[in-house]
K.L.:
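Let me begin by handing over the structure; questions about it come next.
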Amino acid sequence: MDIHHKAIDSIPSPLRQLLASGDDRLCNSFTDVRVAITGGTSGLGLSLVRELLDRGAKVAFVARSRNRVECVVQELPAAHGVVGDLSRKEDIHPITMQIVGALGGLDVLINNASDLRPIPLQLLADTECEDLERTLATNLLGPFRLTKAMLGSLAVSAREGRGAVVVNVSSDAAVNAYPRWGAYGASKAALLHLSRIWDEELSLEGVRVISIDPGDMDTPLHAAAVPDADRSTLKRPEVAARELADTVAAVLSRRTPDSEPIAREVVG
């Protein structure tokens, strides 16, 4: 799977040409853009923090582990680290307040954090209800609650012409029925459809909601799911981060509320 080609196929032709050309405007389009990234201490999330900081964005990231958040902030002092668990309803308001307080608003929300329980992967019939609940809480309810809490800030950004984009990181397990991936696949399928509905409902407000499948990456999550995978065949997370950033940059390049709908489903 290749997010870049999938994204190009889904975007109107002027933006498709911009993506395909490698135009420097894509790299420069994040200057002073306020971005929040969940799951920002490893894998794709950490690569996104680095990539977007390099492009001039103001970045806040969220993760459960205080130690890991502090390590990332030590490496990347320009980033604002927020400790919180998206699967916990009571953590959403504090997370929201810290992000908005640190960034002064929000233009882009990237819901990247995921839970892959149970490990090792199991058939649905063997999956404990508690494991399914935890996966749905992180992969579906977490993004729903955080996006809902951020809608006011995003709508203000859209009205100010800054752009407002929500990215829900998806998976091909959202559209393909893989044995033993039941809990994860079901959660991602629900998140994909949630993204479609929200994009329809919020389009008049100028808030775009897109779902992106970055492909199979060499990340801790993939290693836990498929420990015997040949890592040389997997996409590097920094490559996926660059491709995802290019897609978001293309969406941000059309910032007026009445512009043509863009990339409503960017899924591999």
Side-chain angles (χ1 to χ4, degrees), residues 3 6-7 9-12 14-16 29 33-39 48 60 62 86-89 91-93 95-97 99-100 103 105-114 135-175 184-214 244-245 247-268:
I3 180 180
K6 298 289 184 181
D9 289 343
S10 304
I11 294 175
L15 298 183
R16 187 182 312 147
S29 60
V33 172
R34 301 163 299 184
V35 183
I37 302 164
T38 67
L48 282 167
V62 185
L86 291 169
S87 70
R88 293 166 49 88
K89 181 179 180 180
D91 281 13
I92 297 298
H93 182 70
I95 289 171
T96 302
M97 291 299 98
I99 290 172
V100 174
L103 301 181
L106 189 68
D107 307 313
V108 178
L109 172 62
I110 302 177
N111 288 310
N112 166 71
S114 291
T135 302
L136 290 171
T138 302
N139 299 357
L140 178 63
L141 288 175
F144 172 76
R145 287 171 174 149
L146 186 59
T147 302
K148 185 174 180 180
M150 291 292 188
L151 282 180
S153 296
L154 290 164
V156 168
S157 294
R159 287 196 295 271
E160 292 177 348
R162 297 179 58 93
V165 182
V166 178
V167 178
N168 290 324
V169 177
S170 189
S171 165
D172 63 341
V175 293
Y184 181 80
S187 69
K188 290 297 186 178
L191 183 63
L192 169 59
H193 202 54
L194 187 78
S195 304
R196 293 168 173 164
I197 294 170
W198 239 339
D199 189 63
E200 291 289 340
E201 293 179 344
L202 298 175
S203 61
L204 292 180
E205 299 293 328
V207 178
R208 299 302 179 190
V209 182
I210 64 177
S211 179
I212 294 178
D213 169 18
L244 188 151
T247 301
V248 175
V251 178
L252 284 173
S253 70
R254 296 172 66 91
R255 297 183 177 184
T256 57
D258 59 349
S259 62
E260 184 178 350
I262 299 169
R264 293 190 173 181
E265 184 181 344
V266 188
V267 172

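Source: prediction; values computed, not measured.
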K.L.:
State, to 0.1 Å, how close Asp199 and Val209 come at their nearest heavy-atom pair, and which atoms those are.
P.N.:
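Minimum heavy-atom separation between Asp199 and Val209: OD1-N, 2.9 Å.
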
K.L.:
Does any N or O in the side chain of Thr38 come within less than 3.5 Å of the main-chain N or O of Asn112, such that one atom is a donor and the other an acceptor?
P.N.:
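At least one qualifying donor-acceptor pair exists.
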
K.L.:
With side chains defined as the heavy atoms from C-beta onward, is the minimum distance between Val62 and Ile99 less than 4.5 Å?
P.N.:
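In short, these two side chains touch, coming nearer than 4.5 Å.
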
K.L.:
Under the side chain to side chain contact (heavy atoms under 4.5 Å, CB included) rule, what do Val35 and Leu48 come out as? Steps first, then yes or no, please.
P.N.:
CA-CA 10 Å; Val35 183; Leu48 282 167; over 6 Å; no

K.L.:
Specify the closest pair of heavy atoms between Asn139 and Ala113, including all atoms of both residues, with the distance to one decimal.
P.N.:
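That closest heavy-atom pairing would be OD1-O, 4.1 Å.
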
K.L.:
Distance from Ser170 atom OG to Leu194 atom CG, nearest 0.5 Å?
P.N.:
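If we round to the nearest 0.5 Å, Ser170:OG and Leu194:CG are 11.5 Å apart.
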
K.L.:
Give me the atom names and distance for the closest heavy-atom approach of Ala158 to Ala164.
P.N.:
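Smallest heavy-atom distance, with atoms named: CB-CB, 3.9 Å.
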
K.L.:
Any side-chain heavy atom of Val251 within less than 4.5 Å of one from Val167?
P.N.:
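They are not in contact (no side-chain heavy atoms under 4.5 Å apart), so the answer is no.
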
K.L.:
Just how far is it from atom CG of Asp107 to atom CZ of Arg34, taken to the nearest 0.5 Å?
P.N.:
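Asp107 atom CG to Arg34 atom CZ measures 4.0 Å (nearest 0.5 Å).
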
K.L.:
Would Asn168 and Leu192 satisfy side chain to side chain contact (heavy atoms under 4.5 Å, CB included), going step by step from the backbone distance to the final call?
P.N.:
CA-CA 8 Å; Asn168 290 324; Leu192 169 59; over 6 Å; no

K.L.:
Show, in sequence, the C-alpha distance, side-chain angles and deciding distance for Leu86 and Ile92, and conclude whether the side chain to side chain contact (heavy atoms under 4.5 Å, CB included) test is met.
P.N.:
CA-CA 6 Å; Leu86 291 169; Ile92 297 298; 4.0 Å; yes

K.L.:
Hey, are Lys188 and Ser211 close enough side-chain-wise for a donor-acceptor pair under 3.5 Å?
P.N.:
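Short answer, no.
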
K.L.:
For residues 140-155, run the donor-acceptor check on the side chains, cut-off 3.5 Å, and write out each pair with its distance to 0.1 Å, sequence neighbours left out.
P.N.:
| residue | atom | partner | partner atom | Å |
| --- | --- | --- | --- | --- |
| Thr147 | OG1 | Asn111 | ND2 | 3.1 |
| Thr147 | OG1 | Pro143 | O | 2.7 |

K.L.:
Would you indicate whether the side-chain heavy atoms of Pro214 and Val169 approach each other to under 4.5 Å?
P.N.:
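Counting from C-beta outward, Val169 and Pro214 do come under 4.5 Å.
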
